[in-house]
Structures are given as C-alpha cells and as structure tokens.
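Below is one structure, written out as structure tokens; comments come after it.
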Amino acid sequence: MNKKTNLLPLIAIFVGLTLIVWAISLTGDVRGFYSFDGIIITIFGSIAALMVSFPLKVLKNIPNTLKVLFMAEQEDKHLLIVTFVEMAKKSRRDGLLSLEDDLELVDNDFMKTGLQMIIDGVEPDVIKRVLELKMETMERRHSSGQEVFLKFGELAPAFGMLGTLIGLITMLAKLDDPSAIGAGMATALLTTFYGSLLANLILLPIAFNLAEQSESELFIAELIMDGLLEIQSGTNPRMIEEKLMNYLSPDEKHKLESKFEAAEGNVANEKI
C-alpha cells in the first residue's frame, strides 16, 4: 500500500482563511474581528464539551486520525487486479502452496491475512468471515475519528450561539453604559462567526474527508476479498479479471484492458 502526502486539505483551509481575511480587509479592519473572550467561549468551550462526549482513548487517537488526513494511503486497483490474475495463473499451474513465495511481496495487511489463510488451507467460509470481521473492525475504527470531528463541528456553532447569548446579556445588563454595549455586541457577533467558521471550513470538511477515505479503503478491501476467494476456488484467471474489472470506473477499466491487451501482444510476439 502506497502512502502519499496529501497537503490539499491544509492548502484549502489556508486559502479559505486567506479569502475571508481578504474580504474583511476590503470593508473593515481585520483586527476588529479578534475577540479573546469569543475564542475562549467558542473553541475551549467546544473542546471541554468534546471531552465529556468521548472517552479519553478516542480523543488521544485524534493525532493519528489527522495523520490519515495528510498521509493518505493509496492502493492501485489496476495493480491489484493484475496481481490477482497472475496469482490465479500461478495457483492453477503450480497449486495454492506456490503462492507462499508471493506472501513476502504483499505489503497490504488485509491481503496478507487472506492469502496466508488460503495457503494454510482454511475453508472459504471461514476466510470470508474473518475478512468481513476485519472490515467491520476497520470501519468502526474509522467511524470513531469521523464522529469526533462531526461532533466538534456540531459543538462549535452551538458554543458560538452561547457566546452570542452571553454578549447580549452583558449588553442588556448595562444599557446605561454606552461603552459596554459595543463590547457586548462584539462578543455576541464574533462568537457566532468563530463557531460557524470553525465548523464549516475546518471541522466538518475534515469529517467528510475521513468518511470518503474510509469508504474507499473498504471498497478496496472488498475487491481484495473477492480476488482471494476466487483464487482459492480455482476460478479461471480470465473470469477473475472480468469480475474484478467491475470495481473500476469506465475510464479505469479501459486503461486496464489496454494494459492486458498490450501484455498479451508482447507474449504473442515472444512466442513467434
């Protein structure tokens, strides 16, 4: 499995903040949008509520969750299908035990687990149950990180509104003091601004990004499980290729078909 640094989310957040600051500077003073009280109420209040909402072990895993966001693991579906086709040819020719030589070349833990069970002669139903259980565990682990950021994105605007109420109460309590009215109104509006900005530009997009990555990884896991089970059942390599090609988009399928045709052409030329 290839790991690729993904700086796009960080760049997008930076660009979004820059555009907002630029838009503010066109009509006013950016410094007027700073409120220490608003930051305390919105950000630290949300974090406090988040600590009540989740166990400590889940919150301690947030750095690893963010690492997934910026260090995306990418599996080449083309390469996987080609690998399964070659394994199928080898197993039909030399037997399933011959796949033991390929075990050390597999760096995907999910695939390695399934391949090892095939080599050990485990029943197909057992292999399927074990791999499905690993997929469920994988999905549960990923959803835990997503729920933290979804909850954070829900809490930030709520505490922004709480700050708004605090500011309005402060303002109404001191209507006889004109200087207090401005400070109270500033806190009231800025906390709502902070909560909305934090949720919609950072927290909720992160949660949706993690959900998309999780769905993609589970999709790859399904492809791997199908490929392994077809190899164990002794399915014709051509049929395995046809089945696994359904996991590709039309464009991806066309590219892979071209690769297979080119490879077959090379083999034919070598025979001639």
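Values in this document were obtained by computation on a predicted structure and should not be read as measured data.
A side-chain donor-acceptor contact under 3.5 Å links Y194 to the backbone of S35. A donor-acceptor contact shorter than 3.5 Å is absent between the side chain of N209 and the backbone of P205. Looking only at distances, a side-chain donor or acceptor of S98 sits under 3.5 Å from a matching main-chain atom of G95. Between the T65 side chain and the N61 main chain, a donor and an acceptor come within less than 3.5 Å of each other. Judged by distance alone, with hydrogens and angles left aside, the side-chain atoms of N246 form a donor-acceptor pair with the main-chain N or O of K243 at under 3.5 Å. Here the side chain of S216 pairs no donor or acceptor atom with the backbone of E212 at under 3.5 angstrom. Although no hydrogens or angles enter the test, the distance criterion places no donor-acceptor pair under 3.5 Å between the side chain of T235 and the main chain of I231. Distance alone, capped at 3.5 Å, places no donor-acceptor pair between the S214 side chain and the L210 backbone. Listed for the T42 side chain is no donor-acceptor partner under 3.5 Å among the backbone atoms of I39. The closest donor-acceptor contact from the side chain of T191 to the backbone of T164 lies under 3.5 Å.
No salt bridge links K90 with E86; every basic N to acidic carboxylate O contact stays at or beyond 4.0 Å. Residues E132 and R129 are not paired through a salt bridge, judged by the lack of any N-O separation under 4.0 Å between the basic side chain and the carboxylate.
Taking hydrophobic clusters as Ile, Leu, Val, Met, Phe, Trp and Tyr residues chained together by side-chain heavy-atom distances below 4.5 Å, L150 does not share a cluster with I202. Under a hydrophobic-cluster definition in which Ile, Leu, Val, Met, Phe, Trp and Tyr are linked whenever side-chain heavy atoms come within less than 4.5 Å, directly or via other members, L198 and F44 are assigned to the same cluster. Note on V130: it clusters hydrophobically with L103, by side-chain heavy-atom contacts below 4.5 Å among ILVMFWY residues. In the hydrophobic clustering of ILVMFWY residues, with side-chain heavy atoms under 4.5 Å counting as a link, M225 and M239 come out apart. By the rule that hydrophobic residues join a cluster once side-chain heavy atoms approach within less than 4.5 Å of another member, I119 and V126 end up as members of one cluster.
Atoms CZ and CG, from F70 and L8 in turn, are 10.0 Å apart once rounded to the nearest 0.5 Å. Distance CG/D37 to CG/L190: 10.0 Å, rounded to 0.5 Å. In this structure, CZ in F152 is found 11.0 Å from OG in S53, a value given to the nearest 0.5 Å. Atom CD1 of residue I81 and atom CE of residue M245 lie 6.5 Å apart, to the nearest 0.5 angstrom. The line from CE of M111 to CD1 of I220 is 11.0 Å long, rounded to the nearest 0.5 Å. How far NZ of K128 is from CE of M117: 13.0 Å, rounded to the nearest 0.5 Å.
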Any chance you could lay out the side-chain contact (heavy atoms from CB on, under 4.5 Å) test for F149 and L66, step after step, and finish with the verdict? CA-CA 10 Å; F149 284 96; L66 289 174; 3.5 Å; yes
Run the numbers on K89 and N236 for side-chain contact (heavy atoms from CB on, under 4.5 Å), then give the verdict. CA-CA 8 Å; K89 292 177 181 178; N236 185 287; over 6 Å; no
Please evaluate residues I20 and F193 with respect to the criterion side-chain contact (heavy atoms from CB on, under 4.5 Å), reporting the C-alpha separation (whole Å), side-chain torsions for both, the decisive distance (0.1 Å), and the verdict. CA-CA 11 Å; I20 290 172; F193 172 74; 4.1 Å; yes
For the pair E154 and L203, evaluate side-chain contact (heavy atoms from CB on, under 4.5 Å) and give the outcome as yes or no after the intermediate values. CA-CA 9 Å; E154 176 186 327; L203 301 175; over 6 Å; no
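Residues F84 and I224 approach most closely at CZ-O, 3.6 Å, considering heavy atoms. Closest approach of A156 and S46 over heavy atoms only: CA-OG, 3.3 Å. In this structure, L131 and F110 approach most closely via the heavy-atom pair O-CE1, 3.4 Å. A49 and L155 get closest at one heavy-atom pair: CB-CD1, 3.8 Å. Between G227 and L244 the shortest heavy-atom distance is N-CD2, 4.0 Å. When all heavy atoms of E147 and F54 are compared, the closest pair comes out as O-CZ, 3.5 Å.
Heavy-atom contacts from other residues, nucleotides or ligands closer than 6.0 Å to CD of Q116 number more than 12. Other residues, nucleotides and ligands contribute over 12 non-hydrogen atoms within 6.0 Å of the CD atom of E222. With a 6.0 Å radius and a threshold of 12 heavy atoms from other residues, nucleotides or ligands, N64 has its CG atom above the threshold. For R31, the CZ atom is loosely surrounded, since the number of other residues' heavy atoms within 6.0 Å does not exceed 12.
Between F36 and I41 there is no side-chain heavy-atom pair separated by less than 4.5 Å. The closest side-chain heavy-atom distance from F219 to K77 is below 4.5 Å. Using a 4.5 Å heavy-atom cutoff, the side chains of Y247 and D226 are in contact. Side-chain contact between L228 and I127 is absent, with no heavy atoms from C-beta onward closer than 4.5 Å. When side chains are defined from C-beta on, V85 does not count as touching R238, because their heavy atoms never get closer than 4.5 Å.
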